[in-house]
A.B. asks: 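This structure is in structure tokens; I'll ask about it shortly.
We use all heavy atoms of the structure for the numbers below, so side chains are in, but hydrogens, waters and symmetry mates are not. Computed from a prediction, not measured in an experiment: that's the story for all the values here. In the text below, chain A, chain B and the rest are named by the order of the sequence lines, each starting its count at 1.
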Amino acid sequence: MSLPKRIIRETERLISDPVPGITAVPHSDNLRYFDVTIQGPESSPYENGKFKLELFLPDEYPMVAPKVRFLTKIYHPNIDRLGRICLDVLKNNWSPALQIRTILLSIQALLSSPNPDDPLANEVAEEWKNNNVHAIATAKEWTEKYAN
Amino acid sequence: MSDVEGDDPEEEEYDESFEDSYAEDSEFEYEDEEYLDEDNMEKVEVEYTYPTSETKMGTLTHRMKYEPVDVEDVQRSLEEKVKQLDTILQIGTDECRILLMRYNWNDDKLLEDFTNESLDKFFEGSGLSKNSKPVGGWDLIEQKTDESFECHICFSSPSKDQPLAVFRLGNCDHPFCIRCYVKYIQEANANSRLLIPCPEADCGLIIRLSELQQLSDYGWKERERAREEKRKETEKQSRVPLTEEEIRQKYQRDQIEAELSEFSDLEIGEGETGENEEEKKVKVEPKNKADDTDEDPEAKLFNFQERILVQEREERERRRNQTLLSKYWFNVASKYCSKHCKSFKNCPFPDCDSLIMQQGFDSNVVATLEEFTKRQLIPTVQCSHKHEFCYSCLKGDHSPCPCSIAEKWEKKCKDDTETAHWITANTKDCPECSMPIEKNGGCNHMQCRNCNYEFCWVCLKDWACHNNSYFNCTKYVEDIGEAKTAQEKSRKSLERYLFYFRLFDNQRSSLSKDRELLEQFEGKIQEMQKKSSVSWIETLFYRESVDVLLQARRELMWSYAIMYYIDPKCPKQLVEGVQCTLSHQVEKLSRLFADTEVNAVLQQKAKFLNYSNTVKKSRDLLRETYLDCIANGVVKLTRK
């Protein structure tokens, strides 16, 4: 199946006009599969970390959301042990007018502002709410340990 | 709001989505009330799974009450609600519809919130625009030529010589290329979304029905155009000047013109005087009024109108489930029914969008479907498109065979038939130990591997008594008396199974052959109808006889399946007798169909009616017999 124009254009633009702190490179053998890195946002426990993700565009894209997953271990209430992300725009609030670029920016924003009230990793969320200082310390520790 | 306050206890159960009680406003309940109050059979179409509440022998049938509903019916009643709400709120039907969907069609709760909350708060997050423009009249589709425009979904831009058709909602400025919009709605439909927002991520406006209508029309036109193009392509290839479709259309046009001129001439069609009584019976179904005015021009006019209606209906059917809008309404209706009806099911036939609403039972003891099927009763229902199926297992009608038995039988047929066939065709049992033996060599002197018994393959007697010459096995072998060993028993049961399976299978193949034959016939009859002055109604008897035949065959088929499960100790003579009669009459009717030429169909009308009537009677008798026998415990069903 040939690649839709939309995906070709998006890939071109990601390369020609990259988002600061984010890279997304398609695999040469599968242009729907992207290797993604996101820099941990400043003044967050993930600062200075470099997080690897994988992103896949399903056949129905852009009518359905891309599939994104963290490959780097991360301590975050909305990201579980398998790297799955709980983010509304990846699920119900996906709109075909959104792009890879906007999705990755949303993920970066999620790192800056975790939402322990809508958790995916329950234990992390508990810790985040009840013992915030310790949780942030753990997040920093994990970032140093895994995201370098 | 004129909804009747129901005091029916059943209604209390519908409340699921809101804490407040709002159960009493289902349109269908309303009709039920009407039925109770006025005893007006025309307004409600409550049907029963069995024609009578008890058999002639006095066995209660505990029949299930149901209502076959079209998506269109649900749509009509919902639109009524929308209109009612709009007379109060005055904000436009499109907006009211969205609000009602948000409130799961609970208009009381909606009105309560509307009066209690400030308007801003009420409309907040509703997906409605505050100063909404009605869609009516102007086109939301635009041909863009501006090269700087880019569709945010497919990233296409128009060029000078190739404009891009874009669509936008009436109340926002987020144009997308219309093909993307159509795809977007398709995807939303596939996910049964009812409140579909503008594709722009932070817009949040909900697409209104009239906007959806425009998209749907566009999508349909595109589809038709593509089809047309494809047709032209194939036409070019085959160099046929006119397609069949075109010829048919032209022919129909001529036909209609001819028909119209006929009215002005006040010509009177012929009718067979001797069969008037019969004819009347048949014509009750389409409309009662046409009966007595059989031969006057009014009836002709009516027939003509009827035919137009049929054509319109066919056109609708063609579009059914194929446009964005019809799919959308299907989702709306399903959602509504799932919230407001105790029990409803979709017709399982392919491409059929009818619904069956269960309306309880005509019984003091049976209250649920489980209890119903536990009594070995079969909830056979007929949807508004005349598809018959079992409401419990959603398979084709299998009466008089109860669901559990039917399921077991089908499984058995799948598992055992092949093996069993092979075994009976290729083996004989050892006369000593009953082990099935396959003969793999030429010699008739057999020795059983199991018990070492030596016997003759031809006469199954001890080899020793052949005195080494096995060519005189002319003695007839008596059937082995009682089943002594377990193996013999299993052989017996296999034979028993195969006996009924053959009957079942034979009936099944006859059924499909009859169906094929009659479908061909149907086409011919339609042709004949077009050529001569025979009206649609006059040939209705034929179609009805077909239905009777196929239904009887099906029932007969399943009655054989049930026989296998009847405990062998029970007296079966009664059911077997009825079965025999029905089988005989079915064959007679089938023969009549096979022997009658298309042209002679009308002359044979009396015969058709006669035969199908007897078949119908025997069929009812068979059904009743089974009901009686099972209920009285005359026959017991074993659970093999």
Side-chain angles (χ1 to χ4, degrees), chain A residues 1-19 22 24 26 31-32 34 55-68 85-110 112-113 115 117-118, chain B residues 101-102 125-127 144 147-159 162 164-169 172-207 212 215 219 324 327-328 331 335:
Chain A
M1 205 174 83
S2 70
L3 213 57
K5 192 163 153 196
R6 149 124 186 189
I7 295 179
I8 297 170
R9 286 274 169 86
E10 251 193 279
T11 313
E12 280 170 6
R13 283 178 208 177
L14 276 171
I15 291 163
S16 68
D17 176 23
V19 196
I22 293 173
L31 295 171
R32 288 175 175 272
F34 289 75
L55 182 146
F56 179 71
L57 305 175
D59 279 349
E60 299 87 2
Y61 180 81
M63 291 307 160
V64 302
K67 304 212 176 304
V68 199
I85 309 162
C86 175
L87 187 63
D88 60 344
V89 285
L90 284 176
K91 292 176 182 139
N92 297 338
N93 284 354
W94 167 255
S95 132
L98 292 171
Q99 303 177 19
I100 300 174
R101 174 192 301 269
T102 42
I103 283 297
L104 294 180
L105 279 169
S106 306
I107 292 172
Q108 203 177 32
L110 186 71
S112 320
S113 51
N115 179 10
D117 292 326
D118 183 20
Chain B
M101 280 190 205
R102 279 219 183 280
S126 67
K144 278 250 184 212
E147 280 175 55
S148 64
F149 173 81
E150 185 188 59
C151 166
H152 284 200
I153 296 179
C154 65
F155 287 13
S156 311
S157 298
S159 62
Q162 236 185 352
L164 189 69
V166 298
F167 182 86
R168 84 180 79 210
L169 301 185
C172 69
D173 192 26
H174 301 123
F176 292 92
C177 115
I178 190 155
R179 278 165 201 241
C180 291
Y181 235 117
V182 169
K183 254 191 235 159
Y184 173 67
I185 304 288
Q186 273 166 355
E187 186 68 28
N189 272 344
N191 293 322
S192 309
R193 288 179 81 174
L194 301 185
L195 296 162
I196 310 170
C198 162
E200 190 61 48
D202 42 12
C203 174
L205 276 188
I206 301 295
I207 299 174
L212 200 66
L215 282 170
L324 295 177
K327 186 81 182 70
Y328 180 76
N331 287 338
K335 178 82 188 291

A.B. asks: Any idea which heavy atoms bring Cys154(B) and Lys5(A) closest together, and the distance?
C.D. replies: O-CB, 4.3 Å

A.B. asks: Is the number of heavy atoms from other residues, nucleotides or ligands under 6.0 Å of Lys144(B) NZ greater than 12?
C.D. replies: yes

A.B. asks: Is any side-chain heavy atom of Phe155(B) closer than 4.5 Å to a side-chain heavy atom of Glu12(A)?
C.D. replies: no

A.B. asks: Tabulate, in ascending numerical order, the residues of residues 182-190 of chain B having at least one heavy atom closer than 4.5 Å to a heavy atom of chain A, or enter 'none'.
C.D. replies: Lys183(B), Tyr184(B), Glu187(B)

A.B. asks: Between Ala201(B) and Ser95(A), which heavy-atom pair has the shortest distance, and what is it?
C.D. replies: N-OG, 3.6 Å

A.B. asks: What's the spacing between Asp202(B) CG and Leu98(A) CG if we round to 0.5 Å?
C.D. replies: 8.5 Å

A.B. asks: If you take all heavy atoms of Ile153(B) and Met63(A), which pair is closest and at what distance?
C.D. replies: CG2-CE, 3.8 Å

A.B. asks: Give, as side chain, backbone, both or neither, the part of Val89(A) having an atom under 4.5 angstrom from any heavy atom of chain B.
C.D. replies: neither

A.B. asks: Tell me whether Arg6(A) contacts the main-chain N or O of His152(B) through its side chain, where contact means a donor paired with an acceptor under 3.5 Å.
C.D. replies: yes

A.B. asks: Check whether Pro62(A) gets within reach of chain B through its side chain, its backbone, both or neither, counting any heavy atom under 4.5 Å.
C.D. replies: side chain

A.B. asks: Heavy-atom distance under 4.5 Å to chain B: side chain of Glu10(A), backbone, both or neither?
C.D. replies: both

